[in-house]
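Please read these numbers as outputs of a predicted model, since none were measured by experiment. Protein chains get the first letters and strands the later ones, always in sequence-line order, with residue 1 at the start of each.
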There are 2 protein chains.
Amino acid sequence: MSPSIKDVAERAGVSVGTVSNVLNHPERVADSTRAAVQAAISALGFVRNSSAAQLRAGTSRSIGLIVLDMANPFFHDVARGAEDVADELGYAVVLCNSDDQPSRENRYLQVLEEQRVRGVLITPIEVGSERLDALRRRGTPTVLVDRHDPRVNCCSVAVDDVVGGELAGAHLLGLGHERILYLTGPLGLRQCADRLTGLRQAVAAAGLDPGEVIDVVEERAMNARTAHDAARARFADDRATTAVFCANDLMALGVLRAALNTGRRVPDDLAIVGYDDIEFAADAAVPLTSIRQPTQQIGRAAAQLLVEECDHPETHAHQQVMFKPELVIRDSTTRE
Amino acid sequence: MSPSIKDVAERAGVSVGTVSNVLNHPERVADSTRAAVQAAISALGFVRNSSAAQLRAGTSRSIGLIVLDMANPFFHDVARGAEDVADELGYAVVLCNSDDQPSRENRYLQVLEEQRVRGVLITPIEVGSERLDALRRRGTPTVLVDRHDPRVNCCSVAVDDVVGGELAGAHLLGLGHERILYLTGPLGLRQCADRLTGLRQAVAAAGLDPGEVIDVVEERAMNARTAHDAARARFADDRATTAVFCANDLMALGVLRAALNTGRRVPDDLAIVGYDDIEFAADAAVPLTSIRQPTQQIGRAAAQLLVEECDHPETHAHQQVMFKPELVIRDSTTRE
DNA sequence: GCCACTGTGTGAAACGTTTCATGCCGACAC
DNA sequence: GTGTCGGCATGAAACGTTTCACACAGTGGC
């Protein structure tokens with residue numbers, strides 16, 4: 001159907017080996033021959049068949065990246081970082097979106113394996129699944145993104161959520177708040193639980209009793225609407241709480257709307273801290289103080305570790321990289 | 001390295017042809033043989049090499065999707081819709097992000113061609129580029145997403161932006177506004193220009209003079225910050241304008257913040273209409289009236305057209321599908 | 001004039017599948 | 001017993017590359 005290397009060879013009057021050399025090792029071919037082959041290639045509109053190339057070569061220069069949710073800016077930035085690094089190092093990235101569904105995760109792992117990718121970057125739905133172990137056993141390096149493997153039999157890159165909670169807590173305590181509400185998603189998520197741990201540590205470090213200072217409200221969904229409703233219900237008869245720490249920015253924005261709609265001034269009556277520092281945080285009705293994660297860095301680091309393991313499997317030692325988050329102060333906690 | 005079909009055949013004591021049949025035509029194989037082969041497959045951890053399969057088969061069941069910007073929720077939804085349909089029809093989608101850079105678009109087109117994808121869905125950076133025509137000439141069907149080809153030599157799916165502008169205009173005029181500001185990105189973008197055209201049509205249809213009613217402010221960037229600054233500058237000494245129509249929701253959110261910060265009530269002093277109906281529009285400080293595009297539908301329709309052309313190239317006739325947008329009324333224009 | 005060498009090109013093997021013509025075997029009809 | 005047929009399995013060819021051992025022809029040293 002489409003022209004093959006053989007057609008090109010015939011037209012240029014050379015052997016197939018020579019055409020292949022023009023494609024892959026141009027320096028081995030005399031200038032005149034190379035020109036003739038190039039001419040034949042463009043005349044025929046030849047495009048290399050990568051299936052054949054990869055079959056013969058036995059190995060591909062591509063890695064897979066499976067994320068939980070491409071709609072989440074966090075993963076979008078991670079992907080961007082990983083792509084940039086992979087590109088520099090001569091690898092292509094195959095992007096897959098598991099959408100938090102085990103069936104999709106499985107299907108993509110299968111596809112990536114069939115394509116013989118060199119390695120896989122993944123935020124697994126469940127850490128320590130048999131499927132992933134099997135992949136590793138068969139010799140495909142994997143790196144966990146935003147997760148850690150307690151058994152440490154692969155590399156991983158994550159952000160220290162305990163520190164994030166501490167930063168938020170210390171900031172609010174420093175502003176004089178004595179009743180802090182932690183509005184969170186399911187505490188079964190490590191992320192949410194760790195942030196609470198950090199918050200408690202900050203309170204304890206200030207010489208206060210976490211049990212007295214912190215109040216936890218756990219919601220199932222982590223979006224603005226849920227948070228808005230929860231905040232409204234809560235604030236109907238509560239004037240003691242002067243600060244809210246939310247497990248993500250969407251929830252913080254919901255709380256902000258609830259506060260403004262019930263006539264509270266932010267930050268004077270209520271201080272709000274979010275998490276993630278999403279793009280819109282700075283542009284909210286009251287710009288949001290938030291905890292920023294080095295998202296692109298996560299992707300970059302993960303890709304680097306993976307490529308390192310792919311290229312030097314024998315000397316490679318697994319690492320657990322842990323980034324520190326950063327506090328970004330805006331008007332929702334303090335006006336300068 | 002990893003076990004091949006041959007290893008499986010040896011271990012199961014059958015020929016390679018039989019193993020292949022177990023994989024692709026299980027019904028042609030006797031139950032007992034099939035079981036033996038399956039056992040060998042799992043014992044060895046065999047995974048089919050898709051390069052070899054595709055090379056032999058000569059054709060793949062995958063299509064490429066090249067979008068401008070995965071960070072934009074619009075394209076995210078389009079991708080989702082396309083993936084769903086492709087999946088139902090037995091095609092896999094290879095997702096590529098051109099990031100508005102011609103070099104990346106070119107590279108991905110090259111990669112997709114080398115992989116011999118059956119077809120390509122693309123929002124091209126430039127309509128009518130030679131590269132895309134060449135691809136089509138070589139027999140790879142393409143469908144334009146959110147773009148139209150004036151020469152109509154391929155299918156396309158887009159949304160009618162003129163109607164979107166009309167909807168916004170008619171809504172604001174119906175509320176009694178007589179001075180409307182259109183805050184837009186570059187009018188060189190068809191999207192932005194068409195929305196203005198629609199707005200003018202609505203004004204004319206109401207028997208008014210577009211030149212008197214509409215005021216256009218064109219900014220280079222279409223984000224919240226730019227819009228916020230533009231709105232602030234504008235409103236410093238302008239009380240005549242009572243309504244703003246923004247070319248996207250991010251700009252509308254910027255205007256909203258500027259309005260609230262300068263003490264205007266929304267919608268009483270200023271009505272605001274956005275465009276795109278992004279997820280956060282409903283959760284803004286004042287929920288935003290916006291124009292919703294059937295984003296997932298766009299992706300679904302595009303994938304359907306493409307697969308149709310791939311599967312029945314001879315009977316296929318190119319179509320230009322044009323969806324109608326929809327007005328979503330919220331508090332930023334009228335309180336019920 | 002011979003040797004070694006370099007630069008360039010050749011041709012065949014191999015990669016792991018799928019497909020297809022062929023063959024084997026037992027069952028059933030006559 | 002012969003002929004036919006269906007169900008299953010086989011083995012080889014083919015897909016389009018890359019690689020590698022080899023060949024060939026100049027070149028320069030001696």
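Checking B:V14, B:V19, B:V22, B:L23 one by one against B:V29, the side-chain contact (heavy atoms from CB on, under 4.5 Å) holds for a single residue, B:V22. A:S98 pairs with exactly one of A:I125, A:T123, A:N106 by the side-chain contact (heavy atoms from CB on, under 4.5 Å) rule, that one being A:I125.
Taken to the nearest 0.5 Å, the CD1 atom of B:I63 stands 4.5 Å off from the CG atom of B:L121.
The residue among B:V16 and A:V29 whose nearest nucleotide of DNA chain C is located toward the 5' end is A:V29.
Taking atom CD on B:E27 and atom P on D:dC8, their separation rounds to 11 Å, with Å as the unit. Summarising the geometry, the separation between CD on B:Q54 and P on D:dT17 is reported as 13 Å, rounded to the nearest angstrom. A straight line from CZ of B:R28 to C1' of C:dT18 spans 10 Å, rounded to a whole angstrom. For the pair A:D31 CG and C:dG9 C1', the interatomic distance rounds to 15 Å; values are reported in whole Å. Between the C1' atom of C:dT19 and the NE2 atom of B:H25 lies a distance of 8 Å, rounded to the nearest Å.
Heavy atoms of A:A57 sit nowhere under 4.0 angstrom from any nucleic acid atom. Contacts of B:G58 with the nucleic acid, taken as non-hydrogen atoms under 4.0 Å apart, are absent.
Distances shorter than 4.0 Å separate none of the side-chain N or O atoms of B:N49 from OP1 or OP2 on C:dT17. Residue B:R116 places none of its side-chain N or O atoms closer than 4.0 Å to OP1 or OP2 of D:dC15.
Side-chain contact, A:Q110 with B:R48: no donor N or O sits under 3.5 Å from an acceptor N or O.
For B:R56 and C:dT18, a side-chain-to-base donor-acceptor distance below 3.5 Å is present, hydrogens and geometry of angles not being considered.
The side chain of B:N21 lies closest to D:dT10, out of D:dT18, D:dT19, D:dT10. The side chain of B:T18 approaches D:dA9 more closely than any other nucleotide in the set D:dT17, C:dT18, D:dA9. In the set C:dG9, C:dT18, D:dG16, D:dG16 carries the atom at the smallest distance from any side-chain atom of A:S4. In this structure, of C:dG16, C:dT19, D:dT18, it is C:dG16 that holds the atom nearest to the side chain of B:L55.
Residues B:Y108 and B:N97 approach most closely at CE1-O, 3.5 Å, considering heavy atoms.
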